Amino acid sequence: PHGQGIVIFSLINDNLYNARTDELANEVAASVSFSPSIATDSSVSINPDFNAWQVHQYLANKHLKYVENYNSDTPGGGGYSINKEINLCSNGTFTFYGSSYLNVSSPNHDPYLKAGQGHGTYEFIDDHGEVYLQLNYTDGHYENLQVTYKESRTFLNGDRYYVLDEVECY
C-alpha cells in the first residue's frame, strides 16, 4: 500500500563471496520497511492547487531527461553514469530510453553497460494532493512517478529532470 517496491543490490568480487555475503543480504532485506511518505520539505511538495491537468498541460509533448554522473580521481577509483529519457507525446503515448554504466578500476573488472527502452501510454493522476505520471508499458507493467516542482525545476520521484522541447514521437 506504500509504493511499488524496492531493489537493493551490491557488487562484490567473486573471490570475496562467501556464506556471510548471503547472511548480510538477508539482514539488509529484513531491515527494510514501508510506510506512508511524509513530506519533510514543504518547498518540494506540489502546491495543493496544482493538479494533474495542469501538469499535463506543462509536460505533454515534452522530452524529459535525467542525467547523473560520477567519476573518482582517486587512485583505484571508478565511476558511473545514469541516463533516462522520456518522450511524452501529445497523443498520450511515450517512449523511454535508459542506460547505466559502471566502471571500477580493477584488473579483474570489466566495465558494465546496460541499456533499455520501452513505450506505451501515459497519464497524469491526482492522488491525495499529489500528482503522479503513470507510464503504462506495452508489456503490461506500469510505473508511477511522483511529479514535484522546486524553484521552477521538475522532479520525478525526487530526481531532477530537464524539460526539453525536442520530443521524439512516432
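Nothing fancy with the numbering, it's 1 onward along the sequence. Quick caveat, the model's predicted, so the values are computed rather than measured.
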Exercise for review: Find out if a path of hydrophobic residues (ILVMFWY) with successive side-chain heavy-atom gaps under 4.5 Å connects Trp53 to Tyr122.
Suggested key: no

Review point. From Tyr137 OH over to His119 NE2, what is the distance, rounded to the nearest 0.5 angstrom?
Key: 11.0 Å

Review point. For Tyr162, is the NZ or CZ atom of Lys65 found under 6.0 angstrom from the centre of its six-membered ring and inside 45 degrees of the ring axis?
Key: no

Revision key, fill the gap. d(Ile125 CD1, Asn144 CG) to nearest 0.5 Å is 5.5 Å

Exercise for review: Consider only side-chain N and O atoms of Gln134 and Asn136, and report whether a donor and an acceptor are under 3.5 Å apart.
Suggested key: yes

**Study point:** Between Glu168 and His63: side-chain donor-acceptor atoms closer than 3.5 Å
**Key:** no

Review point. Okay, side chain of Asn51, backbone of Gln54: is any donor-acceptor separation there less than 3.5 Å?
Key: yes

Exercise for review: Drop me the distance from Ser99's OG to Asn83's CG, to the nearest 0.5 angstrom.
Suggested key: 4.5 Å

Check your understanding: Given side chains that start at C-beta, do those of Leu59 and Leu133 come closer than 4.5 Å, heavy atoms only?
Key -> no

Exercise for review: Could you walk me through whether Leu156 and Ile86 pass side chain to side chain contact (heavy atoms under 4.5 Å, CB included), step by step?
Suggested key: CA-CA 11 Å; Leu156 300 179; Ile86 305 170; 4.2 Å; yes

Study note, to complete from the structure: Interatomic distance, NZ@Lys62 vs CD@Glu166, rounded to 0.5 Å, equals 9.5 Å

Review point. What's the spacing between Leu88 CG and Thr95 OG1 if we round to 0.5 Å?
Key: 8.5 Å

Exercise for review: Flag yes if Val67 and Tyr70 sit in one hydrophobic cluster, no otherwise; membership is Ile, Leu, Val, Met, Phe, Trp, Tyr, and two members link when side-chain heavy atoms are under 4.5 Å apart.
Suggested key: no

Review point. When hydrophobic residues are tied together by side-chain contacts of less than 4.5 Å, even through go-betweens, does Val147 share a cluster with Val167?
Key: no

Point to revise | Shortest non-hydrogen separation from Gly79 to Asn71 and the atoms involved | key: CA-OD1, 3.7 Å

Revision key, fill the gap. Closest non-hydrogen contact found for Asn61 with Cys169 is OD1-SG, 4.3 Å

Exercise for review: Go through the steps for Glu68 and Tyr80 under the test side-chain hydrogen bond (donor to acceptor under 3.5 Å, both in side chains), then give the verdict.
Suggested key: CA-CA 8 Å; Glu68 179 180 343; Tyr80 71 89; 2.5 Å; yes

**Study point:** From Asn87 atom CG to Leu64 atom CG, the distance as rounded to the nearest 0.5 Å
**Key:** 8.0 Å

**Study point:** Single-linkage hydrophobic cluster, 4.5 Å side-chain cutoff, Tyr58 and Tyr66 together
**Key:** yes

Check your understanding: Just by modelled atom types, is the Val131 backbone N or O under 3.5 Å from a matching donor or acceptor in the Asp126 side chain?
Key -> no

Check your understanding: So, for Ile82 and Lys84, which heavy atoms are closest and what is the spacing to 0.1 Å?
Key -> CG2-CE, 4.1 Å

Review point. Same cluster for Tyr161 and Leu164 if Ile/Leu/Val/Met/Phe/Trp/Tyr side chains link at under 4.5 Å?
Key: no

